[in-house]
Amino acid sequence: FSITGSLPPGLAFNTVTGALSGFPTNVGVFSNIQISVTNARGSASLPIFSITVTSANPIWQQTGGPQGEIIQTIAIDPSSPQTVYAGLYGGVYKSINGGSSWSAVSSGLPASTTVWSLAIDPTSPQTIYAGMDGGGGVYMTTTGGSSWSAVNTGLTKRTVYVLAIDPATPQTVYAGTNRGVYKTTSGGGSWSAARTGLPGSTVWSLAINPTSPQTIYAGLSGGGVYVN
């Protein structure tokens, strides 16, 4: 079997069986396609046809990001979605072209530790918070990762697994730690425990109700989900 014309990306033609297989990745109309068969008796061609793809299945593709480490967290700049940050063991990496290339932006972060969480200020995306392993607390940058500094007053020796920013008041940030939830209302200037009613479990996840930011959900290690 043979084929002429351009198939939709993602489809493959089998020259032995004449079958099409795969999943289109692009929508559109793909015209002037013709399948021909040749054997000992001669050759023949099917009528020319078109393939119309109205919906396509996305295919995962590896980016040029950091290799060989577990990527613990990814955050996208809400004002510039081609800018992406990845937190991993060893610091933070940044892409400004949608993942085609990455560079380390870890100046000021502790060496040889893991970044568990990243949170970007929705009103000032150059301001990013990083939750650290090993009791490192929270670090912050106001320069899109060019330099970081610790913002740990009241948050001593806490591993921060998750961060959540109040969408209505971005100076209010919550940190899920190995000792419950902590809160700052000063953009990291100081933190206080906000864990009344929580057991002593690690908080692995936080979610803030976007229409009622005073409502916060916390996912605990072995303890289910709590709401404030």
Side-chain angles (χ1 to χ4, degrees), residues 65-78 83-96 99 102-122 124-167 170-195 198-208 216-223 226:
Q67 305 294 317
E69 297 293 347
I70 298 174
I71 309 301
Q72 300 289 356
T73 181
I74 295 173
I76 299 175
D77 184 330
T83 299
V84 186
Y85 299 87
L88 62 154
Y89 177 80
V92 176
Y93 279 71
K94 178 179 182 179
S95 172
I96 58 173
W102 299 76
S103 58
V105 287
S106 301
S107 178
L109 291 176
S112 303
T113 190
T114 296
V115 176
W116 274 101
S117 54
L118 292 169
I120 299 176
D121 186 325
S124 179
Q126 294 294 300
T127 298
I128 308 163
Y129 300 88
M132 308 301 296
D133 194 12
V138 174
Y139 279 67
M140 182 176 72
T141 177
T142 58
T143 58
S146 296
S147 61
W148 299 81
S149 57
V151 284
N152 283 329
T153 301
L155 193 63
T156 305
K157 295 182 180 179
R158 295 290 182 262
T159 293
V160 177
Y161 293 106
V162 61
L163 291 160
I165 297 177
D166 185 327
Q171 289 289 100
T172 297
V173 185
Y174 298 87
T177 79
N178 57 325
R179 292 293 185 271
V181 176
Y182 283 75
K183 177 182 179 180
T184 177
T185 58
S186 56
S190 62
W191 299 80
S192 58
R195 58 194 182 199
L198 290 176
S201 304
T202 295
V203 175
W204 286 99
S205 54
L206 291 169
I208 298 175
I216 307 155
Y217 297 86
L220 277 65
S221 177
Y226 281 67

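Here the structure is a predicted model, which is why all the values come from computation and not from measurement.
Looking at D77, its side chain never comes within 3.5 Å of a backbone N or O of P125 through a donor-acceptor pair. In terms of modelled atom types and a separation under 3.5 Å, the side chain of R179 and the main chain of T202 share no donor-acceptor contact. Under the 3.5 Å distance criterion, the side-chain polar atoms of T113 are left unmatched by any main-chain donor or acceptor of P110. Formation of a donor-acceptor pair under 3.5 Å by the T177 side chain with backbone atoms of G180 is found in this model.
Of the inter-residue distances, the one linking I165 atom CD1 with L163 atom CG reads 7.5 Å to the nearest 0.5 angstrom. Taking OG1 from T127 and CE from M140, the interatomic distance works out to 6.5 Å, rounded to the nearest 0.5 Å. Atom OH in Y174 sits 10.5 Å away from atom CH2 in W191 (nearest 0.5 Å). With rounding to the nearest 0.5 angstrom, the OG1 atom of T114 is 7.5 Å from the CG atom of L88. Note: I208 CD1 to Y217 OH = 12.0 Å, rounded to the nearest 0.5 Å. The OG1 atom of T184 lies 7.5 Å from the CD atom of Q171; values are rounded to the nearest 0.5 Å.
Within a 6.0 Å radius of CD1 in I96, no more than 12 heavy atoms belonging to other residues, nucleotides or ligands are found. Sparse packing is recorded around OH of Y93, with 12 or fewer heavy atoms of other residues, nucleotides or ligands lying under 6.0 Å away.
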Item to complete: Mind running side-chain contact (heavy atoms from CB on, under 4.5 Å) on W102 and K94 for me, showing each step along the way?
Response: CA-CA 5 Å; W102 299 76; K94 178 179 182 179; 5.5 Å; no
Fill in: Worked check of side-chain contact (heavy atoms from CB on, under 4.5 Å) between D133 and V160
CA-CA 6 Å; D133 194 12; V160 177; over 6 Å; no
Practice prompt. Could you check L206 against V181 for side-chain contact (heavy atoms from CB on, under 4.5 Å), going step by step and ending with a plain yes or no?
Written response: CA-CA 9 Å; L206 291 169; V181 176; 4.1 Å; yes
Discussion item. Under the criterion side-chain contact (heavy atoms from CB on, under 4.5 Å), I'd like the reasoning laid out for Y85 against I76: C-alpha separation, chi angles, the key distance, then a yes or no.
Written reply: CA-CA 6 Å; Y85 299 87; I76 299 175; over 6 Å; no
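Aromatic pair Y161/W116: centroids less than 6.0 angstrom apart.
Between V173 and K183, the closest side-chain pair of non-hydrogen atoms is not below 4.5 Å. Side chains of I71 and P66 form a contact here, defined as non-hydrogen atoms less than 4.5 Å apart. Using a 4.5 Å heavy-atom cutoff, the side chains of Y139 and M132 are in contact. Counting only heavy atoms from C-beta outward, the side chains of S107 and S146 never approach each other to under 4.5 Å. Within the 4.5 Å cutoff, side-chain heavy atoms of R195 are placed close to those of Y182.
Considering all non-hydrogen atoms of both residues, G135 and T159 come closest at N-OG1, 2.9 Å. Between L118 and A130 the shortest heavy-atom distance is CD2-CB, 3.8 Å. The two residues S201 and L220 have their closest heavy-atom pair at CB-CD2, 3.9 Å. The two residues V162 and V203 have their closest heavy-atom pair at CG1-O, 4.0 Å. When all heavy atoms are compared, the tightest approach of P78 to I120 is CD-CG2, 3.8 Å. Nearest heavy-atom pair, T141 versus S147, reported as atom, atom and distance to 0.1 Å: OG1-O, 2.8 Å.
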